[in-house]
There are 2 protein chains.
Amino acid sequence: MRQEPRQSDITGHPRQTSRMENIVRYFNHYLPLNSEEKEALTSRLVQRKIKRKQYILQEGDICKYFTFVLEGCFKMYGIDKSGAEHNLVFTAEDDWIADIDSLHKEKPSRLFIEAVEPSTILQISKGDLWYLYTNYPKFDRNFRVIIENKYIELQNRLLQTFSATAYERYESFLEQYPGLTNRLPNTQIASYLGITPEFLSKIRNAKSHPGP
Amino acid sequence: MRQEPRQSDITGHPRQTSRMENIVRYFNHYLPLNSEEKEALTSRLVQRKIKRKQYILQEGDICKYFTFVLEGCFKMYGIDKSGAEHNLVFTAEDDWIADIDSLHKEKPSRLFIEAVEPSTILQISKGDLWYLYTNYPKFDRNFRVIIENKYIELQNRLLQTFSATAYERYESFLEQYPGLTNRLPNTQIASYLGITPEFLSKIRNAKSHPGP
DNA sequence: CGTGACCCTTAATCTGCATTAAGACTATTT
DNA sequence: AAATAGTCTTAATGCAGATTAAGGGTCACG
């Protein structure tokens, strides 16, 4: 049913060269950085390649980095006491991911952040980020806006969770993340929607064979 | 069952005097303001008294203000297509409330913000807030941290919603908001927990008469 | 190229919570 | 002080989605 080859298949062998320009371009959507700020930022970023299923944060660890995704896709999830995973967010290209609670308060995280595809990321440590905040106020501004947008996303998600059925939430997911639908297995989408894969299967079936 | 008199009963006739010093004290928990910043902030705040059940934001309106609660309590909620309310957050003394989505993008809100007690608030308009951001970088910083904390709160709430039963969520609510338990009717708490008042009643009953 | 680790689906059964209804109690308004 | 509107509880019935089980498909990797 998954028609298109995955991103990683298209790309072939990703080059090992630095791709800091992507993050600079990203900031142009907010308050663009001048050359001094660019240098301050890029000199503090570390580029890493992450394999599928590799963690960049595990439960119990303290989140040390704010991570920018250049390529690939991550899920951030918690595990309940019966062992089931619950996806809080997906994060793909040109987006940030971190457990802000753990990062800020330097307390052990209750979450995992795991690559669902082979990925390339840029990471900045908390200390370096704080340095940028203190010395270049524009970063305070830019990250304020980034967090605000993430807050809005979560707020809409929470409202949906309370006020819509699983079927409606699935429809919304398809509209909101058309790019991710073909990249993620249904088990992951089900976990994001707060239902079981079996029930998602039922929903998809009902959708393609609508009753009288 | 509600033993203690409400805040408003204790206070009697609240004075009409300005209480800007509360918000200045609040900012001391973040980056404290110097006298110029205090003046810039307080000269842009408007103090208002709000009656119980009065709205400061209604669905369809554009959210114009960031609101600081001096006294009283508000709920922010959405209404689903069958007319049921779903509380996203409660906001009491020394906390901020706004529909950030509507405020930022100047689009009609899908939410209501309503006083659940007679309240006193301070409001700053979007334009004035943007002025502060632009001219006093400390406000970028302080509001970044405020939003981050609100993001953390929502993230924890979403995780709980997915991974805990209604009974467990009720227990958490009691732990996390002991001060609000006696101030809010159970209908409002049920709406926050994502259940009906009837089922909350059942939970409370099971809690006080635990089976064998 | 085979074998195990996922993944997808169907179907039967089960359950947490909703819905509906109704009565008692309690605030708030007049 | 009465009228009204909101609140709390109990109980019967209903349903969305979980659980369990099982069969078949597909992909990664030795």
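Just so we're clear, the structure is a prediction, and the values are computed from it rather than from any experiment. Numbered from 1 within each chain, the chains take letters A, B, ... in sequence-line order.
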Colleague: Please collect all side-chain hydrogen bond (donor to acceptor under 3.5 Å, both in side chains) contacts where either partner lies in residues 55-66 of chain B, sequence neighbours excluded, each pair once.
Modeller: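 For residues 55-66 of chain B, and leaving out neighbouring residues, there are no side-chain hydrogen bond (donor to acceptor under 3.5 Å, both in side chains) pairs at all.
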
Colleague: Rounded to the nearest Å, what distance is computed from the CG atom of residue A/Leu200 to the P atom of nucleotide C/dC7?
Modeller: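 Rounded to whole Å, this separation is 13 Å.
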
Colleague: Take atom CD of A/Glu85 and atom C1' of C/dC6, then tell me their distance rounded to the nearest Å.
Modeller: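 Checked: the CD to C1' distance equals 13 Å.
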
Colleague: When we call it a touch if two heavy atoms are under 4.0 Å apart, what does B/Thr187 touch: a base, just sugar-phosphate, or nothing?
Modeller: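 Sugar-phosphate, backbone atoms only, no base.
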
Colleague: Starting at atom CZ of B/Arg204, determine the distance to atom C1' of D/dC8, rounded to an integer number of angstrom.
Modeller: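 Computing the B/Arg204:CZ to D/dC8:C1' distance gives 9 Å.
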
Colleague: Could you give me the CA-CA distance, side-chain angles and deciding distance for B/Gln188 and B/Asn87, then say whether side chain to side chain donor-acceptor pair (under 3.5 Å) is met?
Modeller: CA-CA 7 Å; B/Gln188 294 308 317; B/Asn87 285 341; 3.0 Å; yes

Colleague: Can you tell me how far P of C/dT9 sits from CD1 of A/Ile195, to the nearest Å?
Modeller: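 Distance check: A/Ile195 CD1 to C/dT9 P gives 12 Å.
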
Colleague: Identify, with sequence neighbours excluded, every residue that meets salt bridge (Lys or Arg N to Asp or Glu O under 4.0 Å) alongside A/Arg44.
Modeller: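 With sequence neighbours excluded, A/Arg44 shows a salt bridge (Lys or Arg N to Asp or Glu O under 4.0 Å) to A/Asp128, given in chain and number order.
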
Colleague: Let's see if you can work this out: which of D/dG17, C/dT19, D/dA18 has an atom nearest to the side-chain heavy atoms of A/Thr196?
Modeller: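 So the side chain of A/Thr196 is nearest to D/dA18.
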
Colleague: Produce the list of close N/O pairs, under 3.5 Å, pairing protein atoms with atoms of nucleotides 10-14 of chain D; give distances to one decimal.
Modeller:
unit_1	atom_1	unit_2	atom_2	d
D/dT10	OP2	B/Asn205	ND2	3.4

Colleague: Taking OP1 and OP2 of C/dC17, is either one under 4.0 Å from a side-chain nitrogen or oxygen of B/Arg169?
Modeller: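 Looking at the OP1 and OP2 atoms of C/dC17, one of them is under 4.0 Å from a side-chain N or O of B/Arg169.
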
Colleague: With a 3.5 Å distance limit and no angle check, can you tell me whether A/Ser119 reaches the backbone of A/Ala115 through a side-chain donor-acceptor pair?
Modeller: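 Side chain of A/Ser119 to backbone of A/Ala115: no pair is present.
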
Colleague: A/Tyr167 OH to D/dA16 P: how many Å, rounded?
Modeller: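 A/Tyr167 atom OH is separated from D/dA16 atom P by 14 Å.
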
Colleague: Given axes from five pairs at either end, by how many degrees does the helix from C/dC1-D/dG30 to C/dT30-D/dA1 bend, rounded to 10°?
Modeller: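 The helix from C/dC1-D/dG30 to C/dT30-D/dA1 shows an end-to-end axis angle of 60°.
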
Colleague: Would you mind reading off the distance between A/Asp80 atom CG and D/dA18 atom P, rounded to a whole angstrom?
Modeller: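 My rounded result for the distance is 12 Å.
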
Colleague: Output the rounded distance in Å from CD1 (A/Ile203) to C1' (C/dT9).
Modeller: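 Between C1' of C/dT9 and CD1 of A/Ile203: 14 Å.
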
Colleague: Under the ring-ring contact (aromatic ring centres under 6.0 Å, His included) test against B/Tyr133, which residue among B/Phe139, B/Phe66, B/Phe143 passes?
Modeller: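 Option passing the ring-ring contact (aromatic ring centres under 6.0 Å, His included) with B/Tyr133: B/Phe143.
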
Colleague: For B/Arg52 and D/dA5, what is the distance between atoms CZ and P respectively, to the nearest whole Å?
Modeller: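 Interatomic distance, CZ of B/Arg52 to P of D/dA5: 14 Å.
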
Colleague: Can you list the residues that meet the salt bridge (Lys or Arg N to Asp or Glu O under 4.0 Å) rule with B/Lys202, with sequence neighbours excluded?
Modeller: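 Listed in chain order: nothing, the list is empty.
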
Colleague: Hey, does the side chain of B/Gln47 reach the backbone of B/Arg19 with a donor-acceptor pair shorter than 3.5 angstrom?
Modeller: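 The answer is yes, because a donor-acceptor pair under 3.5 Å joins these two groups.
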
Colleague: Between CG of A/Leu45 and CD1 of A/Ile23, what distance do you get to the nearest 0.5 Å?
Modeller: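 CD1 of A/Ile23 is found 5.0 Å from CG of A/Leu45.
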
Colleague: Given C/dC8, C/dC6, C/dT19, identify the nucleotide with an atom nearest to the side chain of A/Pro185.
Modeller: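 Comparing C/dC8, C/dC6, C/dT19 against the side chain of A/Pro185, the answer is C/dC8.
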
Colleague: Tell me every residue that passes ring-ring contact (aromatic ring centres under 6.0 Å, His included) with B/Tyr177, counting only those two or more places apart in sequence or in another chain.
Modeller: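 Listed in chain order: B/Phe173.
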
